[in-house]
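Reading through the structure tokens given below for one structure.
Note: hydrogens, waters and symmetry copies are ignored here, and every other heavy atom, side chains too, is used.
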Amino acid sequence: MNVIINKNGPNSLYVQAVGRLDLETSVDYGTKVQDAVEDSDIVITEVTLDFSAITFISSFGLKIILELYKFMKSRNGLLKLKGVSEDLMSSFRMVGFDKFLIFE
């Protein structure tokens, strides 16, 4: 999975990826996002994950999203998801993530 991370304002990152968030790709995805936040020369307070080209998310992918949420919360930051399809949204609703994640 190719993950592209860009600055999106003074204290925010925008993450784009294409494909599936499953057992094979999720750990790398989560690691790249966390590393980008930690290695930034500025304090990152907001991360937007662009899901418009994500076609599938497994339970392991959901676990990684939860870990990213907790990581950002521990840094007093926000995690947002953008462009989530109805199919993927049903997975987020099924596990209750719609109660605490920010969807745009």
Under the salt bridge (Lys or Arg N to Asp or Glu O under 4.0 Å) test, residues paired with Glu38 that sit two or more places apart: none
Would you mind listing every salt bridge (Lys or Arg N to Asp or Glu O under 4.0 Å) that reaches into residues 8-18, with sequence neighbours excluded? none
Taking side chain to side chain donor-acceptor pair (under 3.5 Å) as the test, write out the residues that go with Lys7, two or more places apart. Asp41
Not counting sequence neighbours, which residues clear side chain to side chain contact (heavy atoms under 4.5 Å, CB included) with Thr45? List them please. Asn11, Val43
When you group the ILVMFWY residues by side-chain heavy-atom contacts below 4.5 Å and let the links chain together, are Phe100 and Leu81 in the same group? yes
Going by atom type alone, with no hydrogens or angles, which donor-acceptor pairs under 3.5 Å involve a side-chain atom of residues 47-54 and a protein atom two or more places apart or on another chain?
| residue | atom | partner | partner atom | Å |
| --- | --- | --- | --- | --- |
| Asp50 | OD1 | Ser52 | N | 2.8 |
| Asp50 | OD1 | Ser52 | OG | 2.6 |
| Asp50 | OD2 | Tyr14 | OH | 2.6 |

Return the set of residues passing side chain to side chain contact (heavy atoms under 4.5 Å, CB included) with Asn6 (not counting sequence neighbours), or none when no residue passes. Ile4, Gln16
Show me the pairs that pass salt bridge (Lys or Arg N to Asp or Glu O under 4.0 Å) and involve residues 90-103, at least two apart or across chains. Glu86-Arg93
Those residues at least two apart in sequence (or on a different chain) that pass ring pair (Phe, Tyr, Trp, His ring centres under 6.0 Å) with Phe103 are Phe92
Hey, could you give me each pair passing salt bridge (Lys or Arg N to Asp or Glu O under 4.0 Å) that has a residue in residues 8-17? Not counting sequence neighbours. none
Quick one: side chains of residues 18-31, donor-acceptor pairs under 3.5 Å with protein atoms, not counting sequence neighbours, listed by atom name and distance.
| residue | atom | partner | partner atom | Å |
| --- | --- | --- | --- | --- |
| Arg20 | NE | Asp22 | OD2 | 3.3 |
| Asp22 | OD1 | Glu24 | N | 3.1 |
| Asp22 | OD1 | Thr25 | N | 3.2 |
| Asp22 | OD1 | Thr25 | OG1 | 3.2 |
| Thr25 | OG1 | Arg20 | O | 2.5 |
| Thr25 | OG1 | Asp22 | N | 3.1 |
| Ser26 | OG | Asp22 | N | 3.2 |
| Ser26 | OG | Asp22 | O | 2.7 |
| Asp28 | OD2 | Lys32 | NZ | 3.2 |
| Thr31 | OG1 | Val27 | O | 2.8 |

Contact between Ile5 and Val3 at the side-chain level, heavy atoms closer than 4.5 Å - yes or no? yes
List the atom pairs, donor and acceptor, that lie under 3.5 Å between side-chain atoms in residues 63-77 and the rest of the protein, sequence neighbours left out.
| residue | atom | partner | partner atom | Å |
| --- | --- | --- | --- | --- |
| Lys63 | NZ | Glu67 | OE2 | 2.5 |
| Ser74 | OG | Phe71 | O | 2.7 |

Grouping ILVMFWY residues whenever side-chain heavy atoms fall under 4.5 Å, the cluster of Ile102 otherwise contains Leu78
